[in-house]
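Data block below; observations after.
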Amino acid sequence: MSIVTLVEAIWLFSAVALVILILLHSPKGDGIAAIGGQAQLFSSTRSAETTLNRVTWSLAVVFMSTTVVLSAGWLPGSTVKTPASAPVTSPQAAPIPPELPAAPSEPTPVTP
């Protein structure tokens, strides 16, 4: 298993966990946290929110940092190509086949 695969796995886990933790937050009511009995796991709702906030911010930092590392191509064996390394080629016009008639030199008059 390469380092790129490991960082991608951490990135994927942090993304899924971040979505789940954000859905567990209850800013004005019980929210989705009431479904699983979240309030009974902690001594008070204040400690539950504090813990959720700390874990959410930590996972957000992990997600953002792994995103930057993966997109910048700083890891050995990364396949990210920078635009400067790609050769720039100019498109060439295709030649007109000889069997096609040439365009008329004078416009044809339009009769009313």
Side-chain polar contacts of residues 10-19 - donor-acceptor pairs under 3.5 angstrom, sequence neighbours left out - could you list them?
residue : atom : partner : partner atom : Å
W11     : NE1  : T67     : OG1          : 2.9
S14     : OG   : I10     : O            : 3.2
S14     : OG   : W11     : O            : 2.9

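The shortest non-hydrogen separation linking L52 to L24 is CD1-O, 3.9 Å. Across all their heavy atoms, T5 and S2 have their closest contact at OG1-OG, 3.0 Å.
Linking Ile, Leu, Val, Met, Phe, Trp and Tyr whenever their side-chain heavy atoms come within less than 4.5 Å puts F63 and W74 in one cluster. Hydrophobic cluster membership is shared by V62 and L6, with clusters built from Ile, Leu, Val, Met, Phe, Trp and Tyr side chains linked at under 4.5 angstrom.
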Run the numbers on S47 and T50 for side chain to side chain donor-acceptor pair (under 3.5 Å), then give the verdict.
CA-CA 5 Å; S47 68; T50 304; over 6 Å; no

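To the nearest 0.5 angstrom, R54 atom CZ is 12.5 Å from E49 atom CD.
For the side chain to side chain donor-acceptor pair (under 3.5 Å) condition, the pairs that include at least one residue of residues 55-65, sequence neighbours left out, are H25-T56.
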